[in-house]
Amino acid sequence: MLYLAMKFAAFIALASSFIVPSVYGWGANGHMTVGFVAMEFLAPNALSFVQKTLGATYNESLGPAATWADDVRSEAAFSWSAPFHFVDAEDNPPTSCSVSETRDCGNGKCILTAIANYTTRVVSKSLSAEQIQEALKFIDHFVGDIGQPLHVEALEVGGNDISAKCNGASTNLHATWDTGMINVLLKANYQNSVNVWADTLVTRIKTGEYKSLAADWISCSSTTEPLSKRSIEEDVAGFLDTRAAITPLECPLVWATESNAFDCSFVFSFTSGEDLCTSSYFTGAVPIIETQIAKQGFRLAAWLNVLFDGATNLP
Ligand SMILES: *[C@@H]1O[C@H](CO)[C@@H](O)[C@H](O)[C@H]1NC(C)=O
Ligand SMILES: *[C@@H]1O[C@H](CO)[C@@H](O)[C@H](O)[C@H]1NC(C)=O
Ligand SMILES: [Zn+2]
């Protein structure tokens, strides 16, 4: 009976994976890599909070915990969380790109308000251990998703309605960014291992090509759109002081604006019929994907460090 029920559940899961469009954000590999990168930059209090809160279920790590929000979003009990994975920027790529919280955050439910909500909740003294863990897993996930250019784009349902080819397979543009190109990259360069990929990105941040950029990544001023000169410290402190649950944060808006800018500079620049995972499009996308994953991992650590150690505390 149990076996049959499990078979049935597996069938439903398989069937729905064909029916439901993939609007899930970086796939599991991208999300885990963001989490593993963040683990290498946590300050002492943030690290012990993460370890204690996630526990053995997640091997005390933001890596394995980063995919939970996608695992549950298709469950009826968590359907309310689906709009939190993206913000539907009503801009006009590739001609003009922009994100506006008032224009784009549908009924106040989008990734921007979700990061604010779970930032308040993760440091709450009155919520249950389960609610705190939920808040941490959502932050872990949404700080990843906000770096995916098509999670910050309304056009064609964030590219879900644009057919695409990846490594010979028929898919859509959104899924190609979530998983298709990452899987090809992992096999080609990183022994198909998210740990090897994460370690490489960490080394680039500590001593390599990202070292000179990292301070800028957490300044909340963007090279493409200098919306704000606030530091993460100022952003989070101002927000938590007022305790206004859904006051807009500035840093996540800067991050969203930066991802969304790629929708004008690159994401839609393919030719019809091009295989996005084997052509020059892939070569052009890889540096964007790798930078966005590294950046969001670094930012996730900075965010938690500010919350639990009072400063970004990063090299
Ligand atoms: C759990 O984490 C430890 C320390 O970070 C690591 O060495 C180990 O490989 C991880 N185990 C699994 C199953 O991922
Ligand atoms: C904040 O988080 C709680 C718990 O997950 C959720 O029930 C609520 O809908 C969220 N509120 C907003 C405005 O996102
Ligand atoms: Zn997601």
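Keep in mind it's a predicted model, so treat the numbers as computed, not measured. Atoms within each ligand, like the ligands themselves, are counted from 1 in listed order.
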Short check: any N/O/S atom of His151 below 2.8 Å from the Zn ion (ligand 3)?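 Short answer: no, not a single N, O or S atom is under the cut-off.
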
From His141, does some N, O or S atom reach closer than 2.8 Å to the Zn ion (ligand 3)? yes

Looking at Glu290 and Lys295, does any basic side-chain N land under 4.0 Å from a carboxylate oxygen? no

Answer yes or no: is there an ion pair linking Arg204 with Glu209, defined by an N-O contact shorter than 4.0 Å?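 Judged by the 4.0 Å cut-off on N to carboxylate O distance, Arg204 and Glu209 do form a salt bridge.
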
Under a 4.0 angstrom heavy-atom cut-off, which atoms of ligand 2 come close to [X]?
{"X": "Trp80", "result": "5 (O)"}
{"X": "Asn117", "result": "1 (C), 2 (O), 3 (C), 8 (C), 10 (C), 11 (N), 12 (C), 14 (O)"}
{"X": "Glu134", "result": "4 (C), 5 (O)"}

Looking only at the side chains, is there a donor atom on one of Ser279 and Glu274 sitting less than 3.5 Å from an acceptor on the other? yes

Ring centre gap for Trp255 and Trp217 strictly below 6.0 Å: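 No, too far apart.
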
Sort out the contact shell of ligand 1: every protein residue with a heavy-atom distance below 4.0 Å, listed by chain and number.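 Residues within 4.0 Å of ligand 1: Asn59.
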
State which residue, out of Phe78, Phe142, Tyr58, fulfils the ring-ring contact (aromatic ring centres under 6.0 Å, His included) condition with Trp68.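 Of Phe78, Phe142, Tyr58, ring-ring contact (aromatic ring centres under 6.0 Å, His included) with Trp68 is met by Phe78 alone.
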
Can an N or O of Thr113 be found at a distance shorter than 3.5 Å from an N or O of ligand 2? no

Please name all residues satisfying ring pair (Phe, Tyr, Trp, His ring centres under 6.0 Å) with Tyr118, sequence neighbours left out, ordered by chain then number.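 If we apply the ring pair (Phe, Tyr, Trp, His ring centres under 6.0 Å) test to Tyr118, skipping adjacent residues, the hits are Phe138.
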
The single option from Leu173, Leu150, Asn172, Ile162 that satisfies side-chain contact (heavy atoms from CB on, under 4.5 Å) with Glu156 is Ile162

